[in-house]
Novice: 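Pasting in a structure now, in structure tokens, and then I'll have a few things to ask.
FYI, the numbering just counts along the sequence from 1.
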Amino acid sequence: LQTGGTVRIVGPASSDDSDVVIGANASATGRYVLAGGTLDLSAGDDLLLGYGELELAGTGWTALVDDDFEVQQASSTLKITFSAAGIGQIAVDDDINIASGILSISNPPALPAGVYCIATSLNQSAVIGTFAAVNWYGNRTGTVSYANNAITLTMPSLADGDVFGNNQL
């Protein structure tokens, strides 16, 4: 659980590729929660979601990935937990590859309608692949897009029926 400060991964001088793997194999599952601060992989590092879970919570964090962001396994879970202000985004210098995996989205009642970027490729590489499953938790569901070199979530406004139907959200 990272709630502040900076976690910076710097590879050895002889290599520009020291990857961060969350859950490297099926018997070594991992979990990383980024709720604040900076995850800095800006020294030639990939962020690889293997057999684990990466949770991105709220807007108080920054993630910089110098190389690729990959979701590699069917059991890989990218969990998005919105705050009322939205969600931060992963800035990926190179490619975003989604081989499979699960996207879980939790949204609060006060989340404004709009388009929210989860990850973007700064070199304009197209997102490769899609999540095998998308789970929505909260008061409404939206749509996931993999267009324009980014993974985005479009959240609709609450319908009048949702607000006035039974006076409950």
Side-chain angles (χ1 to χ4, degrees), residues 1-2 7 9 11 15-59 61-83 86-108 111 114-156:
L1 171 62
Q2 181 181 346
V7 173
I9 308 297
S15 170
D16 68 348
D17 197 20
S18 54
D19 301 334
V20 172
V21 183
I22 301 171
N25 59 59
S27 63
T29 59
R31 183 168 190 255
Y32 193 94
V33 178
L34 184 55
T38 300
L39 177 59
D40 183 356
L41 308 178
S42 62
D45 305 312
D46 293 338
L47 178 56
L48 308 175
L49 184 51
Y51 291 90
E53 176 181 278
L54 172 61
E55 180 177 352
L56 306 174
T59 59
W61 57 270
T62 302
L64 310 168
V65 179
D66 183 51
D67 207 359
D68 299 334
F69 172 58
E70 296 183 5
V71 178
Q72 300 178 317
Q73 304 296 329
S75 62
S76 303
T77 301
L78 178 59
K79 182 177 181 183
I80 305 301
T81 303
F82 280 94
S83 69
I87 191 74
Q89 71 174 300
I90 302 172
V92 181
D93 276 353
D94 206 358
D95 299 328
I96 300 171
N97 298 307
I98 311 297
S100 186
I102 302 161
L103 177 61
S104 293
I105 301 131
S106 297
N107 60 74
L111 183 67
V115 177
Y116 297 90
C117 184
I118 303 306
T120 187
S121 172
L122 300 177
N123 76 352
Q124 304 299 306
S125 293
V127 175
I128 298 170
T130 62
F131 287 96
V134 179
N135 300 319
W136 296 90
Y137 303 98
N139 63 334
R140 60 202 147 137
T141 60
T143 57
V144 180
S145 171
Y146 305 93
N148 300 319
N149 315 311
I151 301 170
T152 59
L153 304 175
T154 301
M155 299 301 296

Novice: Nearest 0.5 Å, please: how far is CG in L41 from CG in L64?
Specialist: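 Here the rounded value is 8.0 Å.
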Novice: Which heavy atom in A150 sits nearest to a heavy atom in C117, and how many Å separate them?
Specialist: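 Closest heavy-atom pair between A150 and C117: CB-SG, 4.0 Å.
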Novice: Apply salt bridge (Lys or Arg N to Asp or Glu O under 4.0 Å) to residues E53 and R31 and explain how you reach the verdict.
Specialist: CA-CA 5 Å; E53 176 181 278; R31 183 168 190 255; 2.5 Å; yes
Novice: Is there side-chain contact between N123 and D93, with at least one heavy-atom pair below 4.5 Å?
Specialist: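 They are not in contact (no side-chain heavy atoms under 4.5 Å apart), so the answer is no.
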Novice: Only one of T62, L1, L56 clears side-chain contact (heavy atoms from CB on, under 4.5 Å) with L34; which?
Specialist: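 Testing each of T62, L1, L56 against L34, the sole residue satisfying side-chain contact (heavy atoms from CB on, under 4.5 Å) is L56.
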Novice: Going by heavy atoms in the side chains, are W136 and V144 under 4.5 Å from each other?
Specialist: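 Yes, side chains in contact.
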Novice: Which value, rounded to the nearest 0.5 Å, describes the distance between I151 atom CD1 and Q89 atom CD?
Specialist: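 Here the interatomic distance stands at 11.0 Å.
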Novice: Are N149 and Q124 side-chain neighbours, meaning at least one heavy-atom pair lies under 4.5 Å?
Specialist: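 In contact.
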Novice: Determine yes or no for a side-chain-to-main-chain donor-acceptor pair under 3.5 angstrom, with S76 supplying the side chain and G50 the backbone.
Specialist: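 Such a contact is found between S76 side chain and G50 backbone.
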Novice: Kindly determine whether I105 and L153 satisfy side-chain contact (heavy atoms from CB on, under 4.5 Å), including the steps that lead there.
Specialist: CA-CA 9 Å; I105 301 131; L153 304 175; 3.9 Å; yes
Novice: Does L78 form a side-chain contact (heavy atoms from CB on, under 4.5 Å) with I102? I'd like the steps, not just the answer.
Specialist: CA-CA 6 Å; L78 178 59; I102 302 161; over 6 Å; no
Novice: We want to know whether S42 and D40 form a side-chain donor-acceptor pair, criterion being a heavy-atom distance below 3.5 angstrom.
Specialist: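 Checked: S42/D40 side chains pair up, N/O donor to acceptor below 3.5 Å.
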Novice: Side chains of L54 and L47: closer than 4.5 Å at any heavy-atom pair?
Specialist: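 Yes, close enough: below the 4.5 Å cut-off.
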Novice: Any chance you could measure D19, atom CG, to D67, atom CG, to the nearest 0.5 Å?
Specialist: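 D19 CG to D67 CG: 7.5 Å, rounded to 0.5 Å.
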Novice: Are I87 and I118 side-chain neighbours, meaning at least one heavy-atom pair lies under 4.5 Å?
Specialist: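 They are in side-chain contact.
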Novice: Applying the side-chain contact (heavy atoms from CB on, under 4.5 Å) test to D46, which of D66, V21, D68 qualifies?
Specialist: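 Testing each of D66, V21, D68 against D46, the sole residue satisfying side-chain contact (heavy atoms from CB on, under 4.5 Å) is D68.
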Novice: Rounded to the nearest 0.5 Å, how far apart are CD1 of I128 and CG of D95?
Specialist: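 It comes to 5.5 Å.
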Novice: Is there a side-chain contact (heavy atoms from CB on, under 4.5 Å) between W61 and T38? Walk through the geometry before answering.
Specialist: CA-CA 6 Å; W61 57 270; T38 300; over 6 Å; no
Novice: Please tell me if the side chains of S104 and T77 come closer than 4.5 Å, counting only heavy atoms from C-beta onward.
Specialist: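 In short, these two side chains touch, coming nearer than 4.5 Å.
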Novice: For the residue pair Y116 and F82, categorise the inter-ring angle as parallel (less than 30°), tilted (30 to 60°) or perpendicular (more than 60°).
Specialist: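 Aromatic pair Y116/F82 classed perpendicular.
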Novice: Answer whether the closest heavy-atom distance between the side chains of T154 and P156 falls below 4.5 Å.
Specialist: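 Not touching, per the 4.5 Å side-chain cut-off.
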Novice: With no hydrogens and no angle check, just 3.5 Å: does a side-chain donor-acceptor pair link E55 and Y32?
Specialist: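 On atom types as modelled, these side chains do not qualify, holding no pair under 3.5 Å.
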Novice: Compare all side-chain heavy atoms of V33 with those of Q2 and state whether any distance is below 4.5 angstrom.
Specialist: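 They are not in contact (no side-chain heavy atoms under 4.5 Å apart), so the answer is no.
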Novice: Please round to the nearest 0.5 Å and tell me the distance separating atom CG of L39 and atom CD1 of I9.
Specialist: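 So the gap between those two atoms works out to 7.0 Å.
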Novice: Can you measure from OG (S121) to CG (D94) and round to the nearest 0.5 angstrom?
Specialist: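 So the OG of S121 and the CG of D94 are separated by 6.5 Å.
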Novice: Could you tell me whether N135 atom CG has more than 12 heavy atoms of other residues or ligands within 6.0 Å of it?
Specialist: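 Enclosed: over 12 neighbouring heavy atoms sit under 6.0 Å from CG of N135.
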